[in-house]
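To keep things clear, I will list the structure first and then write my remarks on it.
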Protein chains: 2
Amino acid sequence: MNGNFARLVESGITDCGSCPIQRRAVCAYCQSAELLLLEQMKSYKTYRAGEVITWAGDDQLYVATVVTGVASLSQTLEDGRRQMVGLLLPSDFVGRPGRETALFDVEAATEVVLCRFERKPFEKLLAEVPRLGERMLEMALDELDAAREWMLLLGRKTAREKIASLLSILASRESILLEQAPSDGVSFDLRLTREAMADYLGLTLETVSRQINALKRDGVIELTGKRHVKVADFARLLSETGDDSDGGMVI
Amino acid sequence: MNGNFARLVESGITDCGSCPIQRRAVCAYCQSAELLLLEQMKSYKTYRAGEVITWAGDDQLYVATVVTGVASLSQTLEDGRRQMVGLLLPSDFVGRPGRETALFDVEAATEVVLCRFERKPFEKLLAEVPRLGERMLEMALDELDAAREWMLLLGRKTAREKIASLLSILASRESILLEQAPSDGVSFDLRLTREAMADYLGLTLETVSRQINALKRDGVIELTGKRHVKVADFARLLSETGDDSDGGMVI
DNA sequence: CGCCTGATTGACGCGGTTCAACCTCAGTGG
DNA sequence: CCACTGAGGTTGAACCGCGTCAATCAGGCG
């Protein structure tokens with residue numbers, strides 16, 4: 001992911017001023033004196049891809065911010081059915097102040113670096129530093145909106161629409177990174193296995209495989225290998241999502 | 001609904017001290033001086049069942065607390081498929097501070113009484129009264145957890161499990177209002193039509209009807225009329241939700 | 001009484017799951 | 001160098017849960 005910062009962490013240079021995501025994280029509104037308080041509390045920890053960061057039900061000793069990498073938030077039913085309920089990207093917050101035990105499984109999808117705070121002291125700081133609480137509220141409300149958009153996909157979309165939605169989100173995000181408007185020919189790496197996509201979309205991996213190949217057969221996308229997607233017809237892909245043309249997805 | 005309070009509202013007696021949900025609403029942690037500030041800003045408004053409170057895309061002039069009744073938060077796809085993304089019960093908060101336009105449709109499912117605040121002054125108060133922000137954050141985090149639990153329901157549960165989950169949530173809420181632990185024999189009014197339940201659960205109204213009657217046939221619940229439910233066997237109802245026994249539902 | 005909305009019930013078919021075989025490719029070790 | 005292995009992916013066939021369409025019922029109201 002962001003190898004530069006990972007190296008900085010390893011080398012011990014961990015000053016908030018050089019943090020790549022400070023301006024978007026929970027500490028975004030903090031002033032230097034407040035940052036200093038956080039700086040004294042924080043510790044970095046790195047997780048390997050696939051490693052479990054927390055199990056649902058575990059004591060929640062830490063809360064944290066994702067510095068680099070991608071983590072997933074998921075739940076399972078008694079019989080093992082799994083549903084991913086959130087993707088945590090750099091600057092996203094992990095854990096819930098005020099709760100003793102974790103509600104969801106958190107896993108590192110890629111290598112992940114967390115900036116961790118012990119929960120109790122963090123809660124104390126939250127009560128004392130209004131700017132921290134303000135940003136926390138803002139982030140919680142944004143995540144709530146995103147979760148609600150996803151509920152529409154899970155509850156009402158067909159398998160083909162779900163796949164088209166996921167691909168169009170990934171394509172849009174790729175375009176944004178390249179600072180272009182999304183258009184035909186955008187291509188990106190699918191960093192998720194078919195199974196992870198299935199868990200995210202509320203499908204089985206077989207259905208994911210079939211629908212991706214159906215979109216390929218229909219000329220909406222092109223595949224190179226299993227994991228590299230090129231969007232042949234972006235407008236067509238969007239129309240396949242079933243979304244209202246206005247309104248638009250939250251990413 | 002709560003006819004008593006509705007009458008109080010009509011008669012003009014609207015003092016926060018007599019408010020049935022003040023201890024659980026956004027103003028829960030406010031002290032008397034702070035309550036007085038809110039008291040000066042607030043205005044009650046009653047909506048008829050079926051009335052639309054806000055359309056997605058509307059300017060968001062007010063935020064509010066649900067005092068009595070049930071409201072729904074929902075969105076639609078191009079072809080009319082609807083998904084409810086939140087159920088607002090008494091003490092729940094409506095609207096999002098910091099956002100200019102609404103993202104979702106809000107409708108009164110039953111007659112609803114809102115305690116409204118103009119958004120701008122409320123945001124100002126939010127910045128000045130820490131106790132208000134604290135409670136707001138707490139409520140937002142709870143809703144986020146609930147939304148994520150709901151994603152599991154929408155993505156992975158069977159029709160029967162979905163119905164059982166909804167009923168057990170409603171039963172739990174009812175018990176909490178009565179300040180009891182949930183147990184066999186709890187009963188409550190199902191203040192939603194079959195169609196509204198279907199929109200909430202990502203099902204069709206026919207399937208909702210069939211599954212409710214199946215739970216009745218199996219002795220899990222009893223029905224009086226179409227809308228009054230008595231939980232004959234609460235443990236059984238819980239086991240029918242498919243949830244992991246630990247972890248547990250968020251209400 | 002007829003009308004309308006909400007709810008129930010049945011028949012039927014499809015989309016997506018389930019189960020299973022097989023393919024591909026990257027390690028790994030003899 | 002090739003055989004072996006295991007993870008990820010594809011594909012097929014059968015099944016079935018739930019959606020779809022349609023008829024009917026129940027209750028409230030003018």
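Order of the sequence lines sets the chain letters (A, B, ...), proteins ahead of strands, with each chain counted from 1. Atom set for the values below is all heavy atoms of this structure, side chains included, hydrogens, waters and symmetry mates excluded.
Regarding A:Ile212, its CD1 atom lies at a distance of 15 Å from the P atom of D:dG8, rounded to whole Å. Between the NE2 atom of A:His228 and the P atom of D:dG9 there is a distance of 16 Å, rounded to whole Å.
With hydrogens and angles ignored, the 3.5 Å screen pairs no side-chain donor or acceptor of A:Arg24 with any backbone N or O of A:Ser91. Distance alone, capped at 3.5 Å, is enough to place a donor-acceptor pair between the A:Arg156 side chain and the B:Leu203 backbone. One N or O on the side chain of B:Ser239 and one on the backbone of B:Arg236 form a donor-acceptor pair closer than 3.5 Å. Remark: the backbone N or O of A:Val106 is not paired with any side-chain donor or acceptor of A:Thr54 at under 3.5 angstrom. Between the side chain of A:Asp233 and the backbone N or O of A:Val220 there is no donor-acceptor pair closer than 3.5 Å.
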Open item on the list: Across nucleotides 14-30 of chain D, 5' to 3', mark each nucleotide with B, S or - according to how protein heavy atoms within less than 4.0 Å reach it.
Closed with: ----SSBBB--------
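Closest approach of B:Tyr44 and B:Cys115 over heavy atoms only: CE2-CB, 3.8 Å.
First and last contacting nucleotides of DNA chain C toward chain A (any atom under 4.0 angstrom from a heavy atom, 5' to 3' order): C:dG16 to C:dA20.
Residue A:Glu195 places its CD atom among 12 or fewer non-hydrogen atoms of other residues, nucleotides or ligands, all under 6.0 Å distant.
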- [ ] Go through the steps to decide whether B:Arg194 and B:Ser209 satisfy the test side chain to side chain donor-acceptor pair (under 3.5 Å), and finish with yes or no.
- [x] CA-CA 7 Å; B:Arg194 301 294 186 251; B:Ser209 179; 4.9 Å; no
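Among the atoms of the strands shown, none is found under 4.0 Å from any heavy atom of A:Arg81.
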